[in-house]
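Taking it in order: structure first as C-alpha cells, then the write-up.
Along the sequence shown, the residues carry numbers beginning at 1.
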Amino acid sequence: MHAVILAGGKGTRLRPLTLDLPKPVVPLLNRPLLEYQLAMLAAAGFGRATLSTSYQPDRIREVMGDRSAGLDLGYAVEPEPLGTGGAVRFAASPADGTVVVFNGDILSDLDLSAVLEFHRRKGAGVTIVLSEVEDPTNYGLVVTGADGRVRQFLEKPGWDETDGLRTINAGTYVIEPEYLSLIKEGVHLSIEREFFPLLVERGDPFYAYVHRGYWIDIGTVGKYLKAHADLLRLRPLTLPGHREVLPGIHAAEDAVVAAGVEARGPVVVGRGARVGEGVVFSRFCVLGPGCTIGDGAHLDACVLWDGVRVGEGARLQGVVAGQESRLGSHTRISGLFALGTGGHLPDYSHHAEMGEILEGE
Ligand code: GTP
C-alpha cells in the first residue's frame, strides 16, 4: 500500500501567506499542517508517505525533511503542475498496489483504518471520503445511491441543484492499481473533475465513505483561523515542551511571559517568544517561535508566524502575520487581515471595516 499526499497547489486563496510558504506546510499550532495528515497515516499503520509536490518543492522539503510523525518521507517533484489526478499518477505507479491519497490542506479526525475496512468490505475499486457541510455550494457535491455507490459529481452546485444533499468531497481517496492506470502518465488531469466522473460513466465499483466527525479544508485565511480555534477548543492542549505558565497560556520552556499577562482563551507561545507587560489575549492566539509582543498590546484571535514583532499598545483582531513581519506600535486592526512574510506596518497604522461611512454620499 502506498500513501500519497497532494502538496503541490499554489494556495492562491491564502496569499500573501503562501507566496513563500506553500499551504501544506503553513503552521498549525506551530507545527506544519502536513504533520497532522502524517499522524493520521501513522495511526493506520503506515510507515512511509510520498509528498507530491510542484510549487516550491524545496521549501516543503526544507520544512518536512526525510522523516515526520514517525513516517519516512519520499518526494515526487512534478516538472510542471499535473493537477490532482496527474499528480497521483506521477507519485504512485500501479505497481505500488492500493494507493491512499490525501489532499494536503485538510484537517480532520478521520479514522483511515475504518475507510480501508469499508473499501475492502465493499469490494471497491475506488473509494472517496465524503464530509457533510452546512453549505455545499462552494465544494464538489457527491451524489450517492442507497448502496453507497457514487452516482454523480456536481462541482460548486447552485442551491437548487443540491436537492437537500450536503455530502462533499473530503479530499481522501483509496484507489486500486487497475484504476490508477486509467490516468495517463505525464498528462495534466483533475481527479475530481475528470477522473471521478469517468469512473461514474464507466460504471466502475466506485464507493463513498461518509465521515461523520470533524473536517475542515484550510483554503482561506478565515478557515485557517477557524482551524486554530477548533483545535484549541476540541482537543486537550498537550504540546510537547510547553507548560501552562499563567492560566490559559501554554508557553515553550524558553519563552518569556511577563507577570500579569491576561488570557481570555487558550494561548500558545512558541520557543524564544517574549510577551510584554499588560498584554491581554482574547478568544485564542498562537505566537510562533521568536515573536515579541510589546507592552499593553491586545490580541484577539490572532496567529503570528515565526519572528513576528508587535509594537506596544497595538490592538489586533483576526490577524495572521507571516514570518518576520512587523506591526508597529499602536497599530489597530479589526476584521480578517493577512500580512505576508517580512511585511511592515508602521506605527499607528489602522484598519477597520468601512461600515456605512459613505452612506448617502
Ligand atoms: P487554491 O489555489 O487556493 O485553490 O489552493 P490549491 O492550489 O491548494 O488548490 P486546491 O485547494 O484545489 O488543491 C487541493 C489539493 O491538491 C491541495 O493539497 C494542493 O496542494 C493539491 N494540488 C493542487 N494542484 C496540484 C498539482 O498540480 N500538483 C500537485 N502535486 N498537487 C496539487
Side-chain angles (χ1 to χ4, degrees), residues 6-7 9-18 21-37 39-40 102-110 129-141 156 166-172 211-239 248-250 263-270 281-288 291 298-305 308 315-323 325 333-340 351-353:
L6 291 170
K10 289 194 174 135
T12 53
R13 290 164 298 156
L14 260 185
R15 286 175 181 165
L17 298 161
T18 44
L21 195 67
K23 180 165 67 170
V25 290
V26 298
L28 201 56
L29 298 190
N30 290 336
R31 305 302 314 157
L33 174 53
L34 281 176
E35 231 182 70
Y36 295 79
Q37 284 139 15
M40 223 170 353
F102 278 146
N103 275 5
D105 56 354
I106 300 301
L107 181 68
S108 125
D109 58 5
L110 178 69
V129 176
L130 308 184
S131 180
E132 276 192 346
V133 292
E134 289 295 315
D135 176 2
T137 58
N138 261 327
Y139 298 92
L141 186 71
K156 300 197 172 149
R166 294 188 293 121
T167 39
I168 57 128
N169 174 1
T172 300
H211 169 53
R212 306 270 173 205
Y214 182 78
W215 181 89
I216 191 169
D217 72 313
I218 302 181
T220 62
V221 176
K223 290 216 194 138
Y224 177 70
L225 279 179
K226 179 158 172 24
H228 276 89
D230 291 343
L231 267 182
L232 290 166
R233 189 168 46 88
L234 299 174
R235 294 187 188 176
L237 197 52
T238 47
L239 299 168
I249 303 183
H250 301 260
R264 299 173 189 156
V267 176
V268 176
V269 182
F281 295 106
S282 301
R283 268 185 285 195
F284 70 90
C285 286
V286 178
L287 312 185
C291 283
H298 284 211
L299 273 66
D300 173 17
C302 292
V303 177
L304 312 182
W305 294 5
V308 173
R315 298 273 188 279
L316 308 179
Q317 184 193 60
V319 170
V320 182
Q323 287 171 11
S325 57
I333 293 176
S334 61
L336 280 183
F337 188 86
L339 184 65
H351 167 271
E353 298 306 322

Original post:
Is any side-chain heavy atom of Leu225 less than 4.5 Å from a side-chain heavy atom of Val320?
Top reply: yes
**OP:** Using a 4.5 Å cut-off on heavy atoms from C-beta on, say whether the side chain of Ser325 contacts that of Val308.
**Re:** yes
Subject >> Pairing residues for Gln323 by the side chain to side chain contact (heavy atoms under 4.5 Å, CB included) criterion, not counting sequence neighbours >> reply: Leu21, Arg59, Trp305, Asp306, Thr341
Subject >> Under the salt bridge (Lys or Arg N to Asp or Glu O under 4.0 Å) test, residues paired with Arg31 that sit two or more places apart >> reply: Glu35
**OP:** Please confirm whether the backbone N or O of Val133 pairs with a side-chain atom of Arg166, one donor and one acceptor, at under 3.5 Å?
**Re:** yes
Original post:
Under 3.5 Å, is there a donor-acceptor pair between the side chain of His228 and the main chain of Leu29?
Top reply: yes
Original post:
Between His298 (side chain) and Phe281 (backbone), is there a donor-acceptor pair under 3.5 Å?
Top reply: no
**OP:** Report yes if the side chains of Trp215 and Ile106 come closer than 4.5 Å at any heavy-atom pair, otherwise no.
**Re:** yes
**OP:** Under the salt bridge (Lys or Arg N to Asp or Glu O under 4.0 Å) rule, collect the residues that match up with Asp109, sequence neighbours excluded.
**Re:** none
Subject >> Donor-acceptor contact below 3.5 Å, side chain Asp135 vs main chain Thr137 >> reply: yes
Subject >> Contacts of Asn30 that satisfy side chain to side chain contact (heavy atoms under 4.5 Å, CB included) - sequence neighbours left out >> reply: Val268, Val286, Pro289
Original post:
Taking only residues two or more places apart in sequence, or in another chain, which ones meet Arg13 in a salt bridge (Lys or Arg N to Asp or Glu O under 4.0 Å)?
Top reply: none
Original post:
Counting only N and O atoms by type, is there a donor-acceptor contact under 3.5 Å from the side chain of Glu132 to the main-chain atoms of Thr167?
Top reply: no
**OP:** Taking the side chain as every heavy atom from C-beta outward, state whether Val129 and Leu110 have any atom pair closer than 4.5 Å.
**Re:** yes
Subject >> Heavy-atom side-chain proximity of Leu14 to Val221 below 4.5 angstrom >> reply: yes
**OP:** Look only at the side chain of Tyr36 and the backbone of Leu28, and say whether a donor-acceptor pair between them is shorter than 3.5 Å.
**Re:** yes
Original post:
Does Arg15 have any side chain to side chain contact (heavy atoms under 4.5 Å, CB included) partners at least two apart in sequence or in another chain, and if so, which?
Top reply: Lys10, Thr12, Thr18, Leu19
